[in-house]
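Read the structure below first, then the notes.
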Amino acid sequence: MKIHEYQAKRILAAHGVPVPKGVAVTTAAEAGKAAAELGGKVVVKAQIHAGGRGKGRLVATQARTAAMYRRLEADPAATEGAVVGRRVGGVRLAPSAARAQAEAAKILGKFLVTHQTGPEGKQVQRLLIEEQSAIADEYYAAVLIDSALGTPVMIVSTEGGQAIEEVAERTPEAIVRVPIDPEAGFPAYRGRQLAKQLGMPKPVVMRAGALFAGLYRAFLAADASLAEINPFVVTDDHRVLAVDAKVSIDDNAAFRQPVASLRDKSEENAMEIMAEEAGIGSYVKLDGNIGCMVNGAGLAMATMDTIMLAGGEPANFLDIGTVNRVQLVEDALHIINLDPSVRAILINIFGGMARVDVVAEGLVSAVNKHGIAHPIVARLNGSNVEEGRRIIEASGLEFLLADDLGTAARMAVEAAG
Ligand code: GDP
Ligand code: MN
């Protein structure tokens, strides 16, 4: 689960990481008031669940986000001039409270497009108003799970404020990776060693060491899959500060995190939320045009692979699990059909504990109720398959039935055109 920068900073601050003073607001008037309280000279920062905001672009309507995204993709140099302070991106320096209010008015409600938002962009509904930091140097620090090692790893770099993937490609020697033994943790002395290794000036080593240790504590406490500070900065007077922050919470730990106060559903995919509310365990929106409904995560993976092998692209991952509820199947097909990029639908059910007749009833009912016009290819097998096929035949609806997955995938790819 992603959260906003201002929320990530609260978590970091609670674990001893210094962050600039700031206030999250939703209106321009509030932004002006917050800026005045912070002394006038502030940074106005769009709060969206995507990075690259400083080099992003704002557009007035969603109709224009895709064109802007293509422009940014086609010409990375176009974003190079878009530094902070120039009035184009989602991070702006304001010299006074009045200017902060004016900037806020220009940003709120607009769509911010960055290399991380995708073509849809993200509408800005909230801003973080923060005191400005006098930046001398920018660094990078993150903790995440190294799945090969099976432990957390701290990653730091002298090249802060840029996309870490690009740093890794250009200057891999500028990145230091430190595996962390979870039993030993990451105490401040190890942080100080790391700061020395980065060549930080003496007065800073102590503070940076504490920042690294605090980052690790925050990572643990938030059950994070990623806790990233890009950049953390050294100020003119040798203080360290987390100027940006990103924390992603492991969904498997959501039950023990304050999700209700951290989650912002308006940032999430509307269809994924619908699926969740319908009780569908896992629906993930993808980029292709063949909608899929499968029972079982492994079978769903295999189904997506088989679609790709047949030359197509899945529009979603959807595991309906062990279905024995007609309504669930009906809702699942309805949600797949709501996706505007879907051109054909592939149902792949291998009934074990799930019953094919229940699935068939749900499919028929969804088509009748929601007027689903896309070609539907169904490969049905397993428990009660004869009854299931009978239900489909009796419905008089035009399902394309296939006996095996390979055939079904080829039929779906052809039907999607
Ligand atoms: P991102 O573009 O979404 O990663 O947003 P950041 O919060 O990282 O801001 C982008 C860049 O803006 C940072 O790398 C800094 O260089 C700059 N920046 C952010 N806050 C301040 C500030 O208080 N003062 C100055 N001078 N620059 C800032
Ligand atoms: Mn950043």
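Both ligands and their constituent atoms are indexed starting at 1 by order of listing.
- Counting only N and O atoms by type, the side chains of Glu120 and Thr65 include no donor and acceptor under 3.5 Å apart.
- Per-residue contacts place Ser133 under 4.0 angstrom from the following atoms of ligand 1 (heavy atoms of the residue considered): 22 (C), 23 (O), 24 (N), 25 (C), 26 (N).
- Residue nearest to atom 18 (N) of ligand 1, selected from Ile135, Thr235, Asn230: Ile135 (by heavy-atom distance).
- With respect to the salt-bridge test (charged N to carboxylate O, under 4.0 angstrom), the residues Lys285 and Asp339 qualify.
- Residue contacts with ligand 1: Glu130 is excluded, as none of its non-hydrogen atoms falls under 4.0 Å.
- For the residue pair Ser225 / Asp250, no side-chain donor-acceptor distance below 3.5 Å is found, with atom types taken as modelled.
- Residue Val43 approaches ligand 1 through these ligand atoms, each under 4.0 Å from one of its heavy atoms: 22 (C), 23 (O).
- With the Mn ion (ligand 2) as vertex, Asp244 OD2 and Asn230 O subtend 90°, rounded to 10°.
- Between Glu5 and the choices Lys246, Arg126, Lys45, the side-chain hydrogen bond (donor to acceptor under 3.5 Å, both in side chains) rule is met once, by Lys45.
- Using a 4.0 Å cut-off between charged nitrogen and carboxylate oxygen, Glu159 and Arg170 do not count as a salt-bridge pair.
- Short contacts between ligand 1 and Lys45, defined as distances under 4.0 Å to a heavy atom of the residue, involve ligand atoms 6 (P), 7 (O).
- In terms of polar-atom proximity, Gln132 is not counted as a contact of ligand 1, lacking any N or O under 3.5 Å from an N or O of the ligand.
- The aromatic ring centroids of Phe212 and Tyr139 lie 6.0 Å or more from each other.
- In summary, the atoms of ligand 1 found under 4.0 Å from a heavy atom of Gly54, numbered by their order in the structure, are 1 (P), 2 (O).
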Checklist entry - Can Arg355 and Asn324 be said to form a side-chain hydrogen bond (donor to acceptor under 3.5 Å, both in side chains), step by step? => result CA-CA 6 Å; Arg355 282 167 38 200; Asn324 39 32; over 6 Å; no
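- Residue Gly51 approaches ligand 1 through these ligand atoms, each under 4.0 Å from one of its heavy atoms: 3 (O).
- Heavy-atom proximity to Asp244, at under 4.0 Å, picks out these atoms of ligand 1: 1 (P), 4 (O), 5 (O), 6 (P), 7 (O), 8 (O).
- When only modelled atom types and interatomic distance are considered, Glu130 and Tyr6 share no side-chain donor-acceptor pair under 3.5 Å.
- If you number the atoms of ligand 1 from 1 as listed, the ones under 4.0 Å from a heavy atom of Gly161 come out as 14 (O).
- Each of Arg263, Lys2, His49 was evaluated against Glu268; a single residue qualifies, Arg263, per the side-chain hydrogen bond (donor to acceptor under 3.5 Å, both in side chains) test.
- Annotation: Glu131 places no N or O atom under 3.5 Å from an N or O atom of ligand 1; distance criterion only.
- Where the criterion is an N or O separation shorter than 3.5 Å, residue side chain and backbone included, Arg53 meets it with respect to ligand 1.
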